[in-house]
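Report on the following structure.
All residue numbers in this chain count up from 1 along the given sequence.
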Amino acid sequence: MLSESLGKSERLQRSLPVLDWGRRYDRDQLSGDLTAALIVTIMLIPQSLAYALLAGLPAEVGLYASILPLVFYALFGTSRALAVGPVAVVSLMTASALAPLELQTLSEYTTAAAVLALLSGLILLGMGILRLGVVANFLSHPVIAGFITASGILIAASQLKHILGVTAHGHTLPEVLTSIWHELPNLNWPTLIIGVAALSFLFWVRKGMARVLVSKLGFEPGLAATIARVGPVFAIVGTTLVTWLLNLPGAGVKVVGEVPTGLPPLGLPTIDFALLGALVGPAVLISVIGYVESVSVAQTLAAKRKQRIEPNQELIALGASNVSSALSGGYPVTGGFARSVVNFDAGARTPAAGAFTAVGLLLAALTLTPLLYFLPKATLAATIIVAVLSLVDLSILTRSWGYSRADFLAVLTTIMLTLLVGVEVGVAAGVGVSLLLFIWKTSRPHVAEVGLVPGSQHFRNINRHKVLTDPSFVTLRIDESLYFANARRMEDLIQARVLQNRDELKHVILMFSAVNEVDFSALESLEAINQRLKDMGITMHLSEVKGPVMDRLIRSHFLEEMTGQIFLSQYEAFERLKRVSKEQIAEPSAA
């Protein structure tokens with residue numbers, strides 16, 4: 001009974017990690033969490049407003065999407081420092097998903113965004129229940145890097161209209177730039193001055209403020225870096241005051257306007273089955289991209305403190321966060337890199353820091369929103385541009401070109417299609433190209449003829465090393481698992497090598513040290529090779545067969561029909577067959 005009770009308790013703690021860290025919560029952790037929450041709250045207010053603007057939503061929706069999701073992640077999440085909320089890439093994907101729907105009113109648009117969050121949350125929850133965290137592995141790092149780089153460029157370009165004070169549209173880079181070009185005659189100079197000033201200040205904050213705080217004011221480097229990261233708050237306060245004092249809305253400067261004060265609206269968004277059908281595809285992409293970004297950040301921060309996260313539980317936590325966002329008038333969320341780093345550096349010790357941040361944001365929604373009326377949209381656009389340009393890494397093109405042409409093609413495809421066609425097509429094409437290239441590479445397995453390195457028991461490629469061989473037998477090392485896509489090529493490679501010295505050759509050894517699996521098609525190819533060699537008077541052997549592969553072969557008739565033996569090591573096969581070869585040569589001479 002005791003062991004059964006303990007087992008239930010452990011399962012409950014895995015499902016609700018708060019029960020694990022919560023029972024050990026102490027005053028030191030509380031102090032660190034409160035400090036981190038204060039700093040992240042200050043940082044998250046302008047971020048959430050800016051990302052709502054990027055998604056095409058009212059500013060307050062960004063605040064709503066940052067409150068309950070933080071609470072639910074604190075309950076279900078396994079990362080001690082991850083800060084959940086709106087992020088740039090997911091905001092762009094939200095705008096891209098909702099744009100084709102041609103919704104008529106702002107209310108319909110916000111409802112659709114909540115439905116998208118609900119679908120994303122349910123998808124993540126389903127993946128977590130089925131323990132499908134491994135799905136994220138289908139997104140290769142080059143594809144993710146290419147997608148984020150292209151998204152950063154596209155986001156920055158889309159915000160130029162707010163810096164210039166013009167009305168522009170478009171969801172691809174050519175559309176956005178063409179629209180802005182045509183609108184340049186309508187440029188608003190006061191808006192441009194505010195936008196450029198905000199951009200200049202924010203770039204200085206990112207590059208130079210921390211150095212000034214350290215060198216001239218004597219701040220600790222960590223604290224200086226944290227203060228620098230909340231620089232957008234200073235830009236918002238300054239430009240808001242200037243806009244109010246000079247009455248710049250009268251000069252055409254667009255401001256956030258009235259932001260409703262009060263609690264987030266709680267309730268299930270209106271469900272329309274036609275809308276659900278249109279949003280399922282984008283919701284899947286948002287779920288997977290958001291999960292990959294979040295888990296990458298969480299694992300990086302956890303490693304710094306020698307902690308670990310549970311990827312499948314993270315699916316549950318992110319799913320619950322998105323569902324809670326949908327139920328509180330928000331839109332899709334995930335773990336953000338910048339705010340999570342700030343949370344970590346500011347001393348967050350447990351997920352409770354996120355819950356305290358949610359309280360701070362709730363107080364802001366109840367009290368501070370009237371102060372945002374004169375906040376220029378150009379300042380929020382500058383905040384977005386500076387944030388996303390840090391994500392742009394065009395060096396991935398040169399690095400992937402130098403290392404692997406296949407990875408370069410995947411990166412280039414993802415970047416170009418994201419910029420020229422759209423974010424959904426870009427990431428889907430990147431995944432498709434990666435999978436096709438993987439199939440192409442594995443369908444052309446590297447097969448090396450190996451020989452014995454003198455004075456050792458190691459075998460290496462005869463074209464790369466000086467090795468010992470024997471003309472009566474040949475060893476071919478197959479450097480790939482065998483399956484339907486490469487089985488026929490393996491047959492052709494072996495046949496071509498055998499025909500090179502057919503008269504002298506008596507044995508063929510297939511070295512299976514790199515073969516992790518043999519599927520049924522490959523098994524039939526092995527049977528065909530065995531029969532073909534038998535007809536030529538050549539014996540086929542295997543060496544260094546792994547246990548799981550041997551288990552499969554035992555369940556077939558192949559081992560009974562194979563003409564040769566299975567050797568535990570390649571060295572054993574080499575010595576045994578060399579001895580057999582000498583005996584076969586000696587017998588005719590003795591006669």
Sub-3.5 Å donor-acceptor pair from the side chain of [X] to the main-chain atoms of [Y], do we have one?
X    : Y    : answer
Y73  : S79  : yes
Q299 : V297 : no
Y373 : W244 : no
T94  : V90  : yes
S120 : A117 : no
T414 : F147 : no
S200 : V196 : yes
S179 : V176 : no
T191 : G165 : no
T178 : E175 : no

Mind listing the closest non-hydrogen atom pair of [X] and [Y] along with its distance?
X    : Y    : answer
N322 : P332 : OD1-CA, 3.2 Å
S294 : L82  : OG-CD2, 3.0 Å
P69  : S325 : CG-CB, 3.7 Å
A36  : A348 : CB-N, 3.6 Å
V40  : T357 : CG1-CG2, 4.0 Å
L68  : S328 : CD1-CB, 3.7 Å

Give a yes/no verdict on a cation-pi contact between R399 and W401, requiring under 6.0 Å between NZ or CZ and the six-membered ring centre and an angle within 45° of the axis. no

For residues [X] and [Y], determine if any side-chain heavy atom of one lies less than 4.5 Å from a side-chain heavy atom of the other.
X    : Y    : result
N186 : T167 : no
M93  : L285 : yes
L279 : L98  : yes
L118 : V323 : yes
L420 : T172 : no

Test applied, side chain to side chain contact (heavy atoms under 4.5 Å, CB included); reference residue, P264; option that passes from L361, V61, L362, L63: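 Considering L361, V61, L362, L63, a side chain to side chain contact (heavy atoms under 4.5 Å, CB included) with P264 is found only for L362.
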
So, applying side chain to side chain contact (heavy atoms under 4.5 Å, CB included) with E293, which one of I148, V87, V288, I144 is it? V87

Whether the E314 and T78 side chains hold a donor-acceptor pair (N or O, under 3.5 Å, no angle test) is what I'd like checked.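 Yes.
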
Without hydrogens or angle criteria, can the side chains of Y331 and S91 be said to hold a donor-acceptor pair below 3.5 Å? yes

Mind checking whether F76 and F72 have parallel, tilted or perpendicular rings, split at 30° and 60°?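 Geometry flag for F72 against F76: parallel rings.
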
Solution key, residues 377-389 side-chain donor-acceptor pairs under 3.5 Å, sequence neighbours excluded:
{"residue": "T379", "atom": "OG1", "partner": "T239", "partner atom": "OG1", "Å": "2.9"}
{"residue": "T383", "atom": "OG1", "partner": "T379", "partner atom": "O", "Å": "3.0"}

Residues which pass side chain to side chain contact (heavy atoms under 4.5 Å, CB included) with A278, listed by chain and number, not counting sequence neighbours: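 A278: side chain to side chain contact (heavy atoms under 4.5 Å, CB included) contacts with L101.
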
Spacing of CG belonging to L49 relative to CG belonging to L57, to within rounding of 0.5 Å: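 That separation rounds to 12.0 Å.
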
